[in-house]
Amino acid sequence: MKRTEITEILRQPEVGVEVKVSGWVRSFRSNRFIALYDGSSFNTLQVVVPDSYRDEKFDEEILKKIQFHACISVTGKLAESQGAGQAVELIADSIELLGECVPEEYHLQPKNMTMEYLREKAHFRMRTQTFSAVFRIRHAVAYAVHKYFNDKGYYYMHTPIVTGSDAEGAGEMFRVTTLDLDNLPRTESGEIDFKQDFFEKSTNLTVSGQLQGEIAAMALGKIYTFGPTFRAEQSFTTRHLAEFWMIEPEVAFNDIFDNMDLAEDFVKYLIRHILDNYPDDLAFLDKRIKDEEKNMKQDDRRPMGLADMLRFVVDNDFERITYTEAVDILRNSNTYKKGKFKFDVQWGKDLQSEHERYLVEKHFQKPVFVRDYPKAIKAFYMRENDGTEPGKETVAAMDCLFPYIGEVIGGSQREERHGKLLERLHAQGIHEEELWWYLELRKFGGCPHAGFGLGFERMVQFITGMGNIRDVIAFPRAAGQADF
RNA sequence: GCCUCCUUAGCUCAGUCGGUUAGAGCGCCGGACUGUUAAUCCGUAGGUCCUUGGUUCGAGUCCAAGAGGAGGCGCCA
């Protein structure tokens, strides 16, 4: 008999029909009720072990092995449930044990376990309600990313994972090499001879697909990338990974304002997709956060529940301010006047995360775009704004800041003027030969264009309310961590 | 890279001022249970107090070093 997925049974229950379901045991109550879970939805199907099963086909060995997270297959008829809590239940006719799960040796238990503990048991943690909900939503966000862009006529570009460019300007890189580390070939002057390496040059894992994305945008108009990204930073925070996934749209003819419009519309679409399609998973995660916050001080609790907050974000315009306005707001704040910021706020200095949190969580209480940052603190490819005061030059950069997790999006209008770009490359000590192709884009049929990078895991973190980014990726890679 | 905190039963934790035999809840195991919703009830077992060294008559408790983990900052997505 072909098996039916639990989500199908729950969606359109047909009483009296014979079905076969397979899945993992969540609980076995009263030696009679099995809560069975197969991953197809958040919910379980209640399997009832009837008297007839006991009388006629009683198999004590199998019943004893119906234990937490054991894998079984059940055939039987669907019936209206006599108990509260579910509409239908499956009256077992036969039960097959597919994989036993000996509780004495198993790592998980039907109770609250800490996130840290589960992180060490990453091969089993997806069986828990929390992680199964998180990973169903993670999938759905990824799907929504492709659907959004496809429906709007964007092309999905696969930019390279291995890069020969050393000037992407986004942090420390992982080296890629096949050279024998115990016996490195040297040039006459004693440097490592990468001519003998696999690619005959020094190569690294990509930190961004943006520069290649710009190439595509200069031909296909609207493109996006969605791929793994690698940063070899020694970051020990709840929002950094060494290997993460990033979405980078790049659009010809867009300016910084079009860029913000796109970012806001895109992010709202992603959230709406989850609100509309995963209410059960969201409700569970919502409740989970409330339980977790029960023992916290009022001040530390979230002002809104998870689903309410997501709805709020979708229903309201994001705030849009300039860096200069942000500095004014911060310097006029009581927090600043009382000297409660650890770091000073001063035009020309980058905003610290305590400043960003103040803007988002205290002042505006919603997502905020900050744009037009000082030229001196931003990357070479960002377009210099016209008409600024000397000493107060800015670039058309924008960051989108979210409550609890900070920067989710960083983007800019790109510098399309060849002369200006060359100037900025030189000012930042980057050799133009490294990026000759990037410069040529400005020489041959260039145009204004803009794009941004959205941290996929940070988005999933926001939507699921998970506190640590390591808990929204199946197998986190971070400094000092590459298990599983 | 800088700073802070944590490590006691399978899990979550308590353990007073350094003082006899280290505790609880949950889980496990055994038993009971024909309408449960993390079912409930009864009973048993379970410990290298992270490691090493030191102080002390005496260390889970104090000190030092090491290991592992978490968090804050910076960097950013």
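In this text the structure is predicted, and so the values were computed from the model without any measurement. Side chains included, hydrogens not; waters and symmetry mates left out as well; all remaining heavy atoms used. Numbered from 1 within each chain, the chains take letters A, B, ... in sequence-line order.
Proximity of A:S208 to A:M246: side-chain heavy atoms (C-beta onward) are separated by under 4.5 Å at one or more points.
When the nucleotides B:rA77, B:rG25, B:rA70 are ranked by their closest atom to the side chain of A:K111, B:rG25 comes out on top. Nearest nucleotide to the side chain of A:Y117, out of B:rA38, B:rC76, B:rU12: B:rU12. Taking only side-chain atoms of A:D350, from C-beta outward, the nucleotide of B:rC76, B:rG10, B:rG74 with the closest atom is B:rC76. Minimum atom distance to the side chain of A:N468 is reached by B:rG71, of the listed B:rC26, B:rG71, B:rA77. When the nucleotides B:rG35, B:rA77, B:rG72 are ranked by their closest atom to the side chain of A:M246, B:rA77 comes out on top.
Rounded to an integer number of Å, the gap from CE of A:M113 to C1' of B:rA38 is 11 Å. For A:F341 and B:rG74, the CZ to P distance is 12 Å, given to the nearest whole Å. Spacing between atom NZ of A:K342 and atom P of B:rU4 amounts to 11 Å, rounded to whole angstrom units. The CD-C1' distance, from A:E407 to B:rC76, rounds to 6 Å in whole Å. Computed from coordinates, the A:E233 CD to B:rA77 C1' distance equals 12 Å when rounded to whole Å. Between the CD atom of A:Q46 and the P atom of B:rU34 there is a distance of 16 Å, given to the nearest Å. Taking atom CZ of A:F28 as the reference point, atom P of B:rU40 lies 15 Å away to the nearest angstrom. One interatomic measurement links the two molecules: CZ of A:F33 to P of B:rU34, which rounds to 11 Å at whole-angstrom precision.
OP1 or OP2 of B:rG74 lies within a sub-4.0 Å distance of a side-chain N or O belonging to A:Q352. Side-chain nitrogen and oxygen atoms of A:Q67 include at least one within less than 4.0 Å of the OP1 or OP2 phosphate oxygen of B:rC29. OP1 or OP2 of B:rG71 has not a single side-chain nitrogen or oxygen of A:T237 nearer than 4.0 Å. At the phosphate of B:rC76, neither OP1 nor OP2 sits under 4.0 Å from any side-chain N or O atom of A:S235. The phosphate of B:rA70 (OP1 or OP2) has no side-chain N or O of A:T238 nearer than 4.0 angstrom.
Checking B:rG25 for Watson-Crick or G-U wobble geometry (two distances, each under 3.5 Å) identifies B:rC11 as its partner. Pair assignment for B:rU20 gives none, since no Watson-Crick or G-U wobble pairing has each distance under 3.5 Å. B:rC73 and B:rG1 make up a base pair, with Watson-Crick or G-U wobble contacts both under 3.5 Å. For B:rG68, the paired base is B:rC6 (Watson-Crick or G-U wobble, both distances below 3.5 Å). Pair assignment for B:rC33 gives none, since no Watson-Crick or G-U wobble pairing has each distance under 3.5 Å.
Residues of residues 353-369 of chain A that place a heavy atom closer than 4.0 Å to RNA chain B, in numerical order, are A:S353, A:R357.
Spacing of C1' atoms, B:rG47 relative to B:rC42, comes out at 25 Å, to the nearest Å. Comparing B:rG25 with B:rU20, their C1' atoms sit 26 Å apart, to the nearest whole Å. Look at the P atom in both B:rC13 and B:rU55: the space between them is 34 Å, to the nearest Å. With both ends at atom C1', the span from B:rA64 to B:rA24 equals 33 Å, rounded to whole Å. With both ends at atom P, the span from B:rG60 to B:rA9 equals 14 Å, rounded to whole Å. When the C1' atom is used for both B:rC6 and B:rA39, the distance is 35 Å, rounded to whole Å. When the P atom is used for both B:rA59 and B:rC50, the distance is 15 Å, rounded to whole Å.
Evaluation of atom-type donor-acceptor distances gives no pair under 3.5 Å for the side chain of A:Q234 against the base of B:rG1. On a pure distance criterion of 3.5 Å, no polar donor-acceptor pair joins the side chain of A:R29 and the base of B:rC33. With hydrogens and angles left out, the side chain of A:Q86 and the base of B:rG35 share no donor-acceptor pair within 3.5 Å. For a distance-only test at 3.5 Å, the side chain of A:R239 fails to qualify as a donor-acceptor partner of the base of B:rA77. In terms of polar N and O atoms assigned as donor or acceptor, the side chain of A:Q82 comes within less than 3.5 Å of the base of B:rG35 in a complementary pairing.
Between A:E89 and A:P103, it is A:P103 whose nearest contact on RNA chain B lies nearer the 5' terminus.
No engagement by A:L108 is indicated, since no non-hydrogen atom pair under 4.0 Å with the nucleic acid exists. Among the protein residues, A:E116 comes within range of the sugar-phosphate backbone only, with heavy atoms under 4.0 Å from sugar or phosphate atoms but none that close to a base. Looking at heavy-atom distances under 4.0 Å, A:F343 makes contact with sugar-phosphate atoms alone, never a base. Within 4.0 Å (heavy atoms only), A:G453 reaches sugar-phosphate atoms of the nucleic acid but no base atom. Residue A:F68 is out of contact with every strand shown, counting any heavy-atom pair closer than 4.0 Å. The residue A:S81 sits close to a base: some heavy atom pair falls under 4.0 Å. Across all strands shown, A:Q481 has heavy atoms under 4.0 Å from sugar-phosphate atoms exclusively, and none from any base. Within the nucleic acid shown, A:R119 comes within 4.0 Å of sugar-phosphate atoms alone, with no base atom in reach, counting heavy atoms only.
Taking the centre and axis of the six-membered ring of A:Y37, the NZ or CZ atom of A:R26 falls inside the cone set by 45° and 6.0 Å.
Side chains of A:H449 and A:Q413: a donor-acceptor N/O pair is absent below 3.5 angstrom, by distance only. A:E356 and A:Q352 share no donor-acceptor pair across their side chains, judged by distance under 3.5 Å alone. Under 3.5 Å, the side chains of A:R119 and A:Q481 contain no donor-acceptor pair of N or O atoms.
Ring pair A:F244/A:F456: centre-to-centre distance not below 6.0 Å. Aromatic pair A:Y155/A:F149: centroids not less than 6.0 angstrom apart. Checked against the 6.0 Å centroid threshold, A:W24 and A:F68 do not count as a close aromatic pair.
The CG atom of A:L359 lies 7.0 Å from the CG atom of A:L401; values are rounded to the nearest 0.5 Å.
Considering A:F343, A:F341, A:F364 in turn, A:F341 is the only one that fulfils the ring-ring contact (aromatic ring centres under 6.0 Å, His included) rule with A:Y358. Partner of A:Y148 under the ring-ring contact (aromatic ring centres under 6.0 Å, His included) criterion, out of A:Y156, A:Y224, A:F266: A:F266 alone.
Without hydrogens or angle criteria, A:S40 side chain to A:T7 main chain gives a donor-acceptor distance under 3.5 Å.
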